[in-house]
Structure formats: structure tokens, C-alpha cells
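All figures in this text were calculated on a predicted structure; none of them were measured in a lab.
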Number of protein chains: 4
Amino acid sequence: MSGTATDDDEILDGVYRALCNHGYADLTMQDIADECEKSTSLLHYHYDTKDDLLVAFLDGIITDYEQRLAGETERPPEQRLVTFLARFVFEPSEGHRESFHLALLEMRSQGPFDERIRDRLERSDTVLRETAAEILRDGVETGVFDPVDPDRTAALLVAALDGARTRQITLGDGQPDGSYTRVVVEELLAQVVDPLLGAGVDRPTLDTVLGDLERDEERS
Amino acid sequence: MSGTATDDDEILDGVYRALCNHGYADLTMQDIADECEKSTSLLHYHYDTKDDLLVAFLDGIITDYEQRLAGETERPPEQRLVTFLARFVFEPSEGHRESFHLALLEMRSQGPFDERIRDRLERSDTVLRETAAEILRDGVETGVFDPVDPDRTAALLVAALDGARTRQITLGDGQPDGSYTRVVVEELLAQVVDPLLGAGVDRPTLDTVLGDLERDEERS
Amino acid sequence: MSGTATDDDEILDGVYRALCNHGYADLTMQDIADECEKSTSLLHYHYDTKDDLLVAFLDGIITDYEQRLAGETERPPEQRLVTFLARFVFEPSEGHRESFHLALLEMRSQGPFDERIRDRLERSDTVLRETAAEILRDGVETGVFDPVDPDRTAALLVAALDGARTRQITLGDGQPDGSYTRVVVEELLAQVVDPLLGAGVDRPTLDTVLGDLERDEERS
Amino acid sequence: MSGTATDDDEILDGVYRALCNHGYADLTMQDIADECEKSTSLLHYHYDTKDDLLVAFLDGIITDYEQRLAGETERPPEQRLVTFLARFVFEPSEGHRESFHLALLEMRSQGPFDERIRDRLERSDTVLRETAAEILRDGVETGVFDPVDPDRTAALLVAALDGARTRQITLGDGQPDGSYTRVVVEELLAQVVDPLLGAGVDRPTLDTVLGDLERDEERS
DNA sequence: AATGAATGAGTTTTCATTCAT
DNA sequence: CATGAATGAAAACTCATTCAT
């Protein structure tokens, strides 16, 4: 089912760009073929059906995402938590990243009608939510955070982050001071995270962490 | 372009049901026609294009929504705020309402590609966010709430509500203790709203308000 | 099948205008209804089918035409012949008359596929050709014209007139000196009619006759 | 947009036959597909829209026609003129050719409503008229023809030929002695061309030329 | 490995016509 | 008389998919 790694990658890149430019509902195999400058026949040679291709695309981006979340277990909880939140901040000007989230959102709305898509989305969600809960649990256990229900607080955080992203994507930037995602993350830090910090615990500022993330990205 | 109110309503009801059963991406005029037991020709007789019909549908539900939000300005802010939050709570079992929100979500993801849809969504969003900000501003002015930036807190609340709804819709009910929306609203009340309340101010419980809302709905 | 004379007339006028504005191939009942500001239902009330309506329209204009051709039998053949030719001259600027001939042409091209239309067109053609032949026969018998075969010469005249009209309608006015119809009629007079005139016979000039026709039209 | 010459040709042949059998006004993509035994999808694969296909068809036949008109410049003017006229003669029995001219006539009546069709028709007309004028000009210069205005006489000839063809097509064969086109061409030769011939110039007879044309056609 | 040709099933849309009022 | 509502049949066009090469 999969040919040269390069070929597949070019095709999945095509899916990405096509999704950004046309949206899920209007996405055709031809759109994808155009974006990667191949023929639709070739797409079918690599992936039996359109659905297969879309699922493979989802798998790809989700795996990417999981890999980025992992491997940070050594740092202190309060730092990991801020990083977790900071990852969701993006500027409306970053048309690139915005489109990507939009593509994901569209696939999400398709989940209920496509079992295989739904499976991937659920896995992705589980990872996300458990990562947050895990950080909180860690913090509570080590006394960095006041005792809270990690699952419920994780639910709140993830919901707010997700909602902020969705709104910023679908509604554009109507915010006066900064992007929607930034405002929400700042408020989450001030109104939810800070009251949680144990006595004498200091968390890194959002800007510090954002700077770190940016530097990491540039290196890869 | 619009005939009897009743006629149009039957058609828009058909759109509603068709959206719930098929989703936006796969919605055909035939699906809608089937749901309202009319011919596709008739749909085109009343609405020139599919897009026209969908836009009319959006207009309808948004107007409905706005009317429901209005007319509550007399009650005290803390009560209005809880009601505002409570409106977003629903159980996964309510397949009906869930499907509807899903359909809306799909239309939202279509926004960036359809100007007319985008316009409606933006108007709807503005109303929602300003309603929340308005309640908060009221409360701050009357001393019911501690001084906060109403716009930023409204952004947080709306994002969390929206995200909770989206996740509950797209991911099904994986929650151990109650629906995702309920968990998030409860946490918002506990972690965001309660710290906001001025000394001596009591807010109604979520269950009380949910009961009230249910009673209201049954009456109409 | 026919209501008030006035109603029918308004409808047939609508057919005329619709035909001019949309062409036969794209003509819809709605186009006609729009032009006469009535409903399509009313059209069907007066004429059972679209075809019926079109046939009635053809009948109307053909009858008009025949009436104009008749009643000139008393004048001398050479005068009648020039008048016959002159009737075909029109300026490209007369958008009105041009459209009308176009409408007729379109119905003509539909003849082979519609028996009832074909019948009308054939009757109209017979009248036209026999009128020309009759004039020529008259002239030959009275010695005004040299002996020619009236039928064959009539065929030539009618073909040239018809062709000129068609070309002027469908191709617009690319002619350097005057309209296409005028050029052809002038050449017919010079190259076909004049060599036919018996010794000492004078025919009226084209301009004289055109002036007469114009005056006649204004009176009605 | 164009594949193998053969493929496209089969489709354009289908257009030809479909036009003959159904006429322009009632022509559907399905009709064309049936005639060339392909699917409508394939037609759309090769030509984006019905209009594109029709325009390509027009382009094809006009180019054919132009090529046939060219390459005869070496022969003497009186012979070329008779050939020019003879090309318009056809028998009503040739249902085939008749239908084709009918189809063309229908497209002509569509010209005023379709810019791209109009463009092609105008080009075709220009070629035709200038070919006739060119022959006449040649003959006048070399003394084969008496001095006449080549443009005006060309207009007369073309109009008569066109009209004859149109009438024969749309009205069927009501002629007693031979086809309408033959009668008109014969009369044009006798009444217009012969008086034009310089002293001592002989022109070929119509039958001779018709025989030649027929032989040419069989060879290809 | 890659493509152009080909298609069937389906989609939106059009339109003459009918019918209840 | 006159109309708006309603529809069935058919139109152009789309698109995922297949297949020969």
C-alpha cells in the first residue's frame, strides 16, 4: 500500500495543501492531485480509496503530534504545564498553521460519519487529555500544585484550548489585544493555573516558553 | 422568494433533520427533500440554490438563538451568568441536540470557504461573546463580581464552552462522570466564576438552573 | 383556447420580445411570462402547451405578413416588383425589426423538427414565392418584362432576399456602403430586374418606394 | 484538453450526427454521447462544457471549409467562380448534407446569443465573401469579367446562395424542376454571371463542375 | 511506477406542466 | 381569471474509481 517514502510524503503534503485551500467538504482527488502535481490514478495506486488516503493523512499528522508531546517527562510539572498550554498559541498571521488546524477541525467534524477517522481522532484526544492529566497528577503528587482532580481540570484546560483554537480559526481575528488563543491561554494561566500553584512555586512566563518553542522549531 | 411561513418552516425543518442525519459534507438536496417529504424541485422553487437554502437555515437558527439570549436582562448578573453557562450543558444521550451542534460545527468549518456562511457565523459569534461580556460588565459595575476584564474573561468562558461542546460532539461520550460539557461547566463555575463572586454573593447551583431551563423548553 | 383578444395579444407580444432577447433555443415559458408580466400558469391557461403558443405566434405574424402583401394587385407589375424587393430592406440600426427577423429565422430552423411549425412556414413561403412569380407572370404577359420563366426568376429573387436578410441578422453590419439587404436589393435591381424591363419601361427608384413604404407604415 | 486526434474526431463526428438528427435547440450531451457511443462523462473529460464542445466542433468544420476553399488560386477566374457556385448545389435526397447545413443554420441563429459562436461564424462569413470578391476582382483585372464592383456582386451571389440553401433546408423539396439550390445557381449563372463574361470568354457548364467536385470528394 | 482514457452513479439545477384555490 | 405551489423528467456537470498501456 505504500510506495517510496518520498512519494507518499509528497502526496500527503498534497492532501494538506488541498485541505487548506478547498476545505474538507469540497475536497476532490483532483484537488489533491493538482497540489502534488501527480495524477489521480497515482493517488489510487498508492491508496486504494479516498478514505484510505485521508486516514493515512490523519495518521501522519497525529503521529507527528504525539512525538512532539512525548519526551518531555523529565522537566518539572509547572514548566511542562505552561509548555503544554503555550503550544496552542498561534498568531492569526500564521496562515500556515491556521490552515492546518482548520483541516484538522474539518476532519473532526467528519468523525461521526467515518469510523476509521473517528478512531484516529479518539486516540489523538486521549493522548492529549492524558498528557494534561498526567502533568497535573505529577504536580499534585510532588506538591507543586494544590490538590485538584487532575482529570476534571485537564478537561477544562483542553476544552478551553480547543475552543480558543477553533474560534480563532473559524472566526478570524476579532480580538483587540492579541490572538484569541493567546488571550485564552493567558487567562487560563492567570485564573486557573496560578491559583493552583503551591506556595513558593514559580512558573515560567508564557513569553519565555513561547520563545523556547520557537527556537526548537527552527532547529528542526 | 419566501412563501407561507409554514411552508418554509417545513423545509427548514427538513434541512435540520437532514443535517443531523447526513452531516454537512454529505448533504444533498435530495436528503433534505426526503426529510420534509417534498420534491427537490420545490426546494429550488423556494430557494434558488442549495447555498441559498443553507444560508436561510443558518439565518433562522441564529435569529432563534439571539431571541432566546435576549429578554433576560432584568435578572441579576450572577444568575444570568450561570444560565449562560448552563445552556451549553447537554447529555450525550440527547442524540438530537448533539447532531444539531455537529451540523453547526461542520458549517463552521465551512466558513472560511463560503463568505455568506462566514458572515452569519461571525454575527452569531459576536452576539455570544458580547452577551457574556455584558453580563460580566454588569456584575463588575454593580459589585456582584470582583473587578476583571470582562472581554478577556468572556473569551475564556466562551472558548471553554465551545471547546467542551465540540469535543463532546466529535468524540462521543468517553467521560466517566457525566458529559464533557457538564464537567467543563462545573469546573468553570468552581475555578473561574466562584473566585469572581463578591463577598456575600450567592449564585444558583447548576442543577437548579438546568431544571429551570428544561421547564422553559417544555412550555414552548 | 383563446381568451380576450387583448390578453392573447399581450402574450404573443411577450413571445416576440422573449424570442428577441433569448433566442429560440433558450426560450422558456418563464421568459415569455416575464416579458408580458403574467404567470406561466396563465400562459398555459390560454395555450395548452409551449408548442401551441409558439404555433399561435407564428400564425399571427404570418397572417400579418400576408395581409400586407395582398391588396396591391392593381398597380403595374414593375412598380409591384420594386415594392416587393424594397420590403426586405432594413437598416442594421432598426434593432427592432432585426430581432423580429431573427426570431422568424430561429423558428425556421426549428421547422424540420416540428411538423406544425413546418406547415406554417411552408404556407408562408408559398405565399411569398407565388407573389413574386405572379408579379413576374403578369409583367411578362403584359409585355412589361421580357419573357422569362417566372418561377425560376422568383426563386432567384426570393433566395437572394432571404439570404441577405439572414446574413444581415446573424452577422451584423460589416458592410461598407449601407446595409447588407440594401446592397443586395440594389444589385438585384441593377443586375436582374433592369435587364428584364421591356423597351421603354421605367421602374420607380428604390428610394422612392422606400419612402412610400415608410409613409404607409406611419399611417397605421 | 485534446487527446488523440482520432478520439476527438469520433466525438466531433458524434456532434455532427447528433446535430443532424436532433437539431441545435434540442441537442443534449446524451444525444452526442449516443451518436459516438461514449459516455457523457467522457465528453466532459475532453471538453469542459457543452459550449466548449460545440465551439470546437464549429472550429473544426470551419477550418475544413477554409482549407477546401484555398489552393484553387491557380485556375482561371471563370472556372473558379463556377466552382464556387457549384459547391452550394445539393440534392434534397442527400439527407446527410442537408441536415448538416440545417445544423449550421441553427447555430447561426444562435450567434446573437453566444459570443464565441458568433466569432466563429463571422470569421467563416468573411472568408466566404472575400473568396467570392477575390475571384471577381481577379477576373475584372485580367479582363475575363466586365468591370463590376467585386464586393457588391459578391454580396449578391453569397446572399442568393445562402438563401437558396436555407430555403431548401427549411422548406423541403417543393421544387418542380430540380432542387432549390440548383435552380438558383443556374439562374445566377444565366442572369448574373453570363452577362459578366468578357467577349470570347467561355465558362464551364454547371454539370461539368459538379461532376468534378463529386470525383474529388470520392477520392478523399 | 505512472498516466490518460473511460465510466457509472450521483449532484444540482431547469423547466414544462398540473392543480388547488 | 389568475396565481403560487408543487412535481417529474431530464438537463449539464462532477467525481471516485478502474483499466489498458
Side-chain angles (χ1 to χ4, degrees), chain A residues 2-4 6-8 11 26-33 36-54, chain B residues 1-4 6-8 10-11 26-33 36-54, chain C residues 3-4 6-7 11 25-33 36-54, chain D residues 1-4 6-8 10-11 25-33 36-54:
Chain A
S2 80
T4 323
T6 323
D7 253 352
D8 278 10
I11 292 177
D26 284 339
L27 187 69
T28 72
M29 291 295 272
Q30 191 59 56
D31 292 334
I32 299 171
C36 59
E37 295 187 309
K38 307 211 176 303
S39 65
T40 57
S41 317
L42 186 63
L43 303 188
H44 279 287
Y45 177 78
H46 286 282
Y47 304 91
D48 276 352
T49 68
K50 186 185 178 186
D51 205 57
D52 281 351
L53 175 50
L54 259 20
Chain B
M1 185 140 314
S2 80
T4 323
T6 322
D7 266 343
D8 280 9
E10 278 179 36
I11 293 177
D26 284 338
L27 187 70
T28 72
M29 290 295 272
Q30 190 59 57
D31 292 335
I32 299 172
C36 59
E37 295 187 306
K38 308 213 176 301
S39 64
T40 56
S41 322
L42 184 63
L43 304 188
H44 281 288
Y45 175 74
H46 285 285
Y47 304 91
D48 276 350
T49 67
K50 185 186 177 185
D51 206 58
D52 280 352
L53 175 51
L54 259 19
Chain C
T4 322
T6 322
D7 253 352
I11 292 176
D26 285 337
L27 187 70
T28 72
M29 291 294 273
Q30 191 59 57
D31 292 334
I32 299 172
C36 59
E37 295 187 308
K38 307 211 176 303
S39 65
T40 57
S41 317
L42 186 61
L43 303 188
H44 279 287
Y45 177 78
H46 285 282
Y47 303 90
D48 277 351
T49 69
K50 186 186 179 185
D51 205 57
D52 282 351
L53 175 50
L54 259 21
Chain D
M1 184 139 313
S2 78
T4 323
T6 323
D7 267 343
D8 281 10
E10 278 178 37
I11 293 177
D26 283 339
L27 187 70
T28 72
M29 291 296 271
Q30 191 59 57
D31 292 334
I32 299 172
C36 58
E37 295 187 305
K38 308 210 175 305
S39 64
T40 55
S41 322
L42 184 63
L43 304 188
H44 280 289
Y45 174 73
H46 285 285
Y47 304 90
D48 276 351
T49 68
K50 185 186 178 185
D51 206 57
D52 281 351
L53 175 51
L54 260 17

What's the [atom1]-[atom2] distance between [X] and [N], to the nearest Å?
X: D:Lys38; N: F:dC13; atom1: NZ; atom2: P; answer: 20 Å
X: B:Lys50; N: E:dT11; atom1: NZ; atom2: P; answer: 9 Å
X: C:Met29; N: F:dT3; atom1: CE; atom2: C1'; answer: 14 Å
X: A:Tyr45; N: F:dT18; atom1: OH; atom2: P; answer: 15 Å
X: A:Asp52; N: F:dA16; atom1: CG; atom2: P; answer: 14 Å
X: A:Asp31; N: F:dT14; atom1: CG; atom2: P; answer: 12 Å
X: D:His44; N: E:dG8; atom1: NE2; atom2: P; answer: 15 Å
X: A:Leu43; N: E:dG4; atom1: CG; atom2: P; answer: 12 Å

Measuring from B:Thr49:OG1 to B:His44:NE2, what's the distance to the nearest 0.5 Å?
-> 8.0 Å
When rounded to the nearest 0.5 angstrom, what is the spacing between CE in B:Met29 and CG in B:Asp31?
-> 10.5 Å
Pairing check on [N]: which nucleotide meets the Watson-Crick or G-U wobble criteria with it, both distances under 3.5 Å?
N: E:dT12; result: F:dA11
N: F:dA5; result: E:dT18
N: E:dA1; result: none

With D:His46, the side-chain contact (heavy atoms from CB on, under 4.5 Å) member among D:Asp48, D:Leu42, D:Leu43 | D:Leu42
Please report the shortest heavy-atom distance between C:Leu27 and C:Leu54, naming the atom on each side.
->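 Reported closest heavy-atom pair: CD2-CD1, 4.1 Å.
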Determine, stepwise, if the pair A:Asp8 / A:Tyr47 fulfils side-chain contact (heavy atoms from CB on, under 4.5 Å).
-> CA-CA 9 Å; A:Asp8 278 10; A:Tyr47 304 91; 3.4 Å; yes
Determine the contact category for A:Leu27: base if any of its heavy atoms lies under 4.0 Å from a base atom, sugar-phosphate if only primed atoms, P, OP1 or OP2 are that close, otherwise nothing.
-> sugar-phosphate
At under 4.0 Å between heavy atoms, what does B:Thr28 touch on the DNA or RNA strands: base, sugar-phosphate, or nothing?
->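 Sugar-phosphate: the residue B:Thr28, judged by heavy atoms under 4.0 Å, touches backbone atoms but no base.
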If you pin B:Gln30 and C:Thr49 to their nearest nucleotides in DNA chain E, which one's is more 5'?
-> B:Gln30
Check whether any side-chain nitrogen or oxygen of B:Ser39 sits under 4.0 Å from OP1 or OP2 of F:dT7, and answer yes or no.
-> yes
With DNA chain F as reference, determine whether B:Ser41 or D:Asp26 sits nearer its 5' end, using the nearest nucleotide of each.
->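 It is B:Ser41, whose closest nucleotide lies nearer the 5' terminus.
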